[in-house]
Amino acid sequence: MTLKSKTAVVTGSTSGIGLAIARALAAEGANIVINGFGKAQDIEKERAGIEADFGVRCAYSPADMTKPADIADMIAFAEQTFGSVDVLVNNAGVQFVSPIEDFPIEKWDQIIAINLTSAFHAIRAAVPGMKARGWGRIISTASAHSLVASPFKAAYVSAKHGLAGLTKTVALELATFGITVNCVSPGYVWTPLVEGQIPDTMKARGMTREQVMNDVLLAGQPTKQFVTAEEVAATMVFLCSDAAKQITGTNISVDGGWTAQ
Ligand code: NAD
């Protein structure tokens, strides 16, 4: 239990990778603030499940990652409820697939806000407390798309490259304060986000569902397997450990070899 009596805030943790991260950090003893959208009863089930399964406390923040004031409130809520924010995981993210000339302006703005700008707001709110305590772990869920591009994902690829740059910058600023800042970059993980982009990719490329799965999604993943959310979460747990205290400013790929090509 490397995180006993610490507190972790995980954005976008009502589903997919974020939920797996929240549960993995809870398994290490951290109290958890989960965040994200969904049906109230589903969120309550996940929140109560984390408390029951791991014997920690878990609270829910409905903060909308497009709203700077909500994000500041989420960090303040975590500090008031549990006394600190020791681990911040910037994980909330959305996707939209379209040729650049048709890319809706509001989709560009939304993706940049949720996938990149929300991390800036959360980090700046959490850092003063981390500095005061001399310990912190800031981890962002980036993507293989923080390192390489794919067509039709202009906003997502731009936001994820930005997240990798933000990570390096803040890591340098916080290097002497006992705070590490890293990102973890998954390849394709089987979650609702991936499932949700299949119809648009079918349309954009004129392909069947099977063709999108095999020829697009797993085409670049040499292991020919989807990454699991639990594998991404396990990498983040390692980054929270003492053994990882000299790992800062990096971008760790968990992508089945995708970006080695
Ligand atoms: P998901 O759709 O299952 O989960 C996204 C989470 O973000 C949900 O909890 C959702 O409610 C939340 N969210 C969305 N908009 C929000 C907003 N405005 N405010 C607060 N929360 C909001 O997706 P996922 O696949 O688990 O993705 C999680 C992260 O992993 C994202 O940053 C994504 O870019 C990244 N990622 C995913 C994959 C993949 O293959 N699934 C690969 C690489 C990176």
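Note that the coordinates shown come from a computational prediction; the quantities given were computed from them, not determined experimentally. Computed over heavy atoms, backbone and side chain alike; hydrogens, waters and symmetry mates excluded. Counting starts at 1 for both ligands and their atoms, in listed order. Numbers here simply count residues along the sequence, with the first being 1.
I17 CD1, 3.5 Å is the protein heavy atom nearest to atom 37 (C) of ligand 1. Taking atom 9 (O) of ligand 1 as the reference point, the nearest protein heavy-atom neighbour is T14 OG1, 2.7 Å. Given atom 40 (O) of ligand 1, the protein heavy atom at minimum distance is V189 N, 2.6 Å. In this structure, atom 13 (N) of ligand 1 lies nearest to the protein heavy atom A92 CB, 4.4 Å. Ranking the protein heavy atoms by distance from atom 33 (C) of ligand 1 puts Y156 OH, 3.5 Å first. The shortest contact between atom 27 (O) of ligand 1 and any protein heavy atom is with L193 CD1, 3.9 Å. Nearest non-hydrogen protein atom to atom 11 (O) of ligand 1 is F37 N, 2.8 Å. Scanning all protein heavy atoms for the shortest distance to atom 6 (C) of ligand 1 gives G12 O, 3.4 Å.
Under the 4.5 Å side-chain heavy-atom criterion for grouping Ile, Leu, Val, Met, Phe, Trp and Tyr, I123 is connected to M65 within one hydrophobic cluster. V157 and V94 are assigned to two separate hydrophobic clusters, defined by single-linkage of ILVMFWY side chains at heavy-atom distances under 4.5 Å.
Residues meeting the side chain to side chain contact (heavy atoms under 4.5 Å, CB included) test with T223, sequence neighbours left out: Q221, Q225.
Those atoms of ligand 1 with a heavy atom of G16 less than 4.0 angstrom away are 3 (O), 26 (O). The I114 neighbourhood of ligand 1 comprises atoms 15 (N), 18 (N), with distances under 4.0 Å to a heavy atom of that residue. Atoms of ligand 1 lying under 4.0 Å from at least one heavy atom of G36, given by number and element, are 11 (O), 21 (N). Interface atoms of ligand 1 facing V194, defined by a heavy-atom separation under 4.0 Å, are 39 (C), 40 (O), 41 (N).
At a 3.5 angstrom cut-off on N or O pairs, M65 counts as close to ligand 1.
Considering only non-hydrogen atoms, atom 44 (C) of ligand 1 lies nearest to A142 out of S140, A142, S15. Nearest-residue assignment for atom 31 (C) of ligand 1 (options D64, T141, N91, N115; heavy-atom criterion): N91. In this comparison of V94, V254, I71, the heavy atom closest to atom 15 (N) of ligand 1 sits on V94.
Figure legend: K6 and W135 shown as a cation-pi pair, the cationic atom lying under 6.0 angstrom from the six-membered ring centre and within 45 degrees of its axis.
Not a single heavy atom of G38 sits less than 4.0 Å from an atom of ligand 1. At a 4.0 Å cut-off, not a single heavy atom of W190 sits close enough to ligand 1 to count as contact.
At a 4.0 Å heavy-atom cut-off, ligand 1 touches S13 through the backbone alone. The proximity of A63 to ligand 1, defined as any non-hydrogen pair under 4.0 Å, is limited to the backbone. Proximity of Q95 to ligand 1, defined as any heavy-atom pair under 4.0 Å, is not found for any part of the residue.
By the 4.0 Å N-to-carboxylate-O rule, D86 lies too far from R137 to be salt-bridged with it. Taking the charged nitrogens against the carboxylate oxygens, K67 and D64 do have a contact shorter than 4.0 Å, which makes a salt bridge.
Apart from F152 itself, the hydrophobic cluster it occupies contains V97, where clustering links Ile, Leu, Val, Met, Phe, Trp and Tyr at side-chain heavy-atom distances under 4.5 Å.
S185 and S146 form a side-chain donor-acceptor contact under 3.5 Å, judged by distance and modelled atom types alone. Residues N91 and T11 have side chains that never bring a donor and an acceptor to within less than 3.5 angstrom of each other. Side-chain contact check for N90 and S118: no donor-acceptor pair (N or O, by modelled atom type) lies under 3.5 Å.
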